Amino acid sequence: MLASNLSSYMVILAVLSLFSYFTIFPPKMASRIAQIRLVSSHPQVYEPCDDSFALVDALLADRKKLLDHRPAICMEVGSGSGYVITSLALILQEMKTSYYFATDINPHAVRVTHETLEAHGVHAELLTTNIAAGLEKRLAGLVDVMVVNPPYVPTPEEEVGGDGIAAAWAGGENGRSVIDKILPIADNLLSEKGWLYMLFLAANDPLQICLQMRDKGYAAKIVVQRATEEESLHVIKFWRDSDIRMEGNEAVATAKNGSPRGWEFLLSQLSRLSFRR
Amino acid sequence: MRLLTHNMLSSNIKGVINGFPLRIEAERVVEKQVDFNPDFLKNMFSKIDWKALADASKIMGYPELPDELPDSSLLDSDEFLHKFHHALLELHLEEGALVCPETGRRFPVNKGIPNMLLHEDEV
């Protein structure tokens with residue numbers, strides 16, 4: 001009798017304490033990102049899709065690191081609907097210390113990005129331009145976070161660029177035409193502590209891209225990988241790593257022995273996923 | 001377009017050697033309040049081309065910045081930082097154009113968005 005009273009008393013106590021626990025510490029709210037219903041649209045502008053969601057998921061996965069990183073200047077190349085840059089601005093909003101640039105080659109996309117930002121009460125400086133043309137001289141070395149969802153779909157070369165919606169996906173041979181133009185520009189714009197989040201398709205040969213970036217002194221990490229019915233997506237984060245740069249210099253003289261931490265793991269992950277070889 | 005952006009933009013038409021700063025043709029300027037962030041201002045101070053900012057600010061109707069590059073000791077002055085903040089981040093060119101200082105080519109600014117796209121023969 002006493003025991004059963006005691007146990008029901010314990011249950012009530014547990015429920016009560018749980019209740020007060022949640023009153024004092026509410027379950028952690030999901031970080032705010034752009035809401036689809038507030039994302040503007042236009043027939044000539046690419047709508048948020050699996051690739052956009054993968055990129056924003058990568059930013060969310062790195063949310064705490066991004067807040068600790070305290071980026072002063074963030075930039076998106078090819079902002080399309082504005083879903084990604086708006087989400088980044090919302091993720092970092094509590095800091096109130098970051099400024100945003102976004103570009104797109106499609107004037108309709110830049111206007112739609114503007115509307116999406118405005119609908120969420122955040123701001124980015126917008127430019128209609130090809131990748132970062134016009135900014136490359138003066139913004140060099142100032143960008144702390146860059147995000148890119150490039151046109152990565154393998155297409156005939158003549159479909160690349162242009163002023164319509166095809167510019168959002170048409171990537172030329174192996175989907176690499178625009179990616180290969182963006183990478184050196186990103187290298188030029190990124191600050192010493194800069195991070196680049198970029199989305200690739202397995203068909204783009206991300207392993208080869210990582211090796212190429214490694215030659216420029218960048219470490220790389222897969223933040224999100226996702227296979228949809230149609231495509232296998234990777235969001236890869238690049239950052240400058242002095243070990244790699246030094247090793248790169250030594251490697252020229254002494255051939256390859258020893259990889260920095262995590263590098264072999266990344267390569268094994270990528271070679272497993274990269275079915276184009 | 002904020003003057004921060006103007007300070008980061010140059011004309012990259014083929015053959016142009018120094019396409020900076022772009023001359024501002026202001027048709028409509030708006031002011032939008034932005035949170036004051038002294039750390040960002042102190043950090044950006046060394047990266048800003050001061051003369052370009054002071055001149056642009058004047059054209060946008062805010063002639064409060066010193067013409068010559070101020071001594072960095074001024075960064076301790078709250079009054080100076082607030083002026084710097086206002087010019088750099090709160091003045092927006094809403095309608096107008098940016099003009100290449102070498103070729104006179106106009107890059108239109110509509111609804112606050114500069115269009116820097118080049119024609120095929122300019123690339």
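Residue numbers begin at 1 in each chain, while the letters A, B, ... track the order of the sequences. The model shown is predicted, which means the values in this text are computed figures rather than measured ones. Excluded from the calculations below are hydrogen atoms, water molecules and symmetry mates; all remaining heavy atoms, backbone and side chain alike, are included.
- With chain A as the partner, the residue from B:V34, B:D35, B:L22 showing the most heavy-atom pairs under 4.5 Å is B:D35.
- Residues of residues 110-123 of chain A lying under 4.5 angstrom from chain B, judged on non-hydrogen atoms, are A:V110, A:R111, A:H114, A:H123 by number.
- Within residues 129-138 of chain A, the residues that have a heavy atom under 4.5 Å from a heavy atom of chain B are A:T129, A:N130, A:A133, A:G134, A:L135, A:K137, A:R138, listed by number.
- Using a 4.5 Å cut-off between heavy atoms, B:F20 contacts chain A through its side chain alone, with no backbone atom that close.
- Scanning residues 47-55 of chain B against chain A with a 4.5 Å heavy-atom cutoff picks out B:K47, B:I48, B:D49, ordered by number.
- The shortest side-chain heavy-atom distance between B:H6 and A:E125 does not fall under the 4.5 Å cut-off.
- The line from CG of B:N115 to CG of A:L127 is 9.5 Å long, rounded to the nearest 0.5 Å.
- Ranked by heavy-atom pairs under 4.5 Å with chain A, the list B:V123, B:D39, B:L89, B:N43 is led by B:L89.
- Under a cut-off of 6.0 angstrom, the local environment of CD in B:E90 is crowded, with over 12 non-hydrogen atoms contributed by other residues, nucleotides or ligands.
- The local environment of NZ in A:K193 is crowded, with over 12 non-hydrogen atoms from other residues, nucleotides or ligands closer than 6.0 Å.
- The candidate from B:N110, B:L9, B:I13 with the greatest count of non-hydrogen atom pairs under 4.5 Å with chain A is B:L9.
- Both the backbone and the side chain of A:I105 come within contact range of chain B, judged by heavy atoms closer than 4.5 Å.
- Among the residues in residues 92-101 of chain A, those with a non-hydrogen atom closer than 4.5 angstrom to a non-hydrogen atom of chain B are A:K96, A:T97, A:Y99, A:F101.
- No more than 12 heavy atoms of other residues, nucleotides or ligands lie within 6.0 Å of CZ in B:R23, so this atom counts as exposed by the packing criterion.
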Could you walk me through whether B:I113 and A:T128 satisfy the side-chain contact (heavy atoms from CB on, under 4.5 Å) test, starting with their C-alpha distance in whole Å, then the side-chain angles of each, then the deciding distance to 0.1 Å, before giving a yes or no? CA-CA 7 Å; B:I113 303 168; A:T128 308; 3.6 Å; yes

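- Residue A:L142 holds its CG atom at 5.5 Å from CE of B:M8, rounded to the nearest 0.5 Å.
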Next item on the list: Start with the C-alpha distance between A:I73 and B:F40, add both sets of side-chain angles, then the distance that settles side-chain contact (heavy atoms from CB on, under 4.5 Å), and finish with yes or no.
Entry: CA-CA 10 Å; A:I73 293 185; B:F40 177 76; 4.2 Å; yes

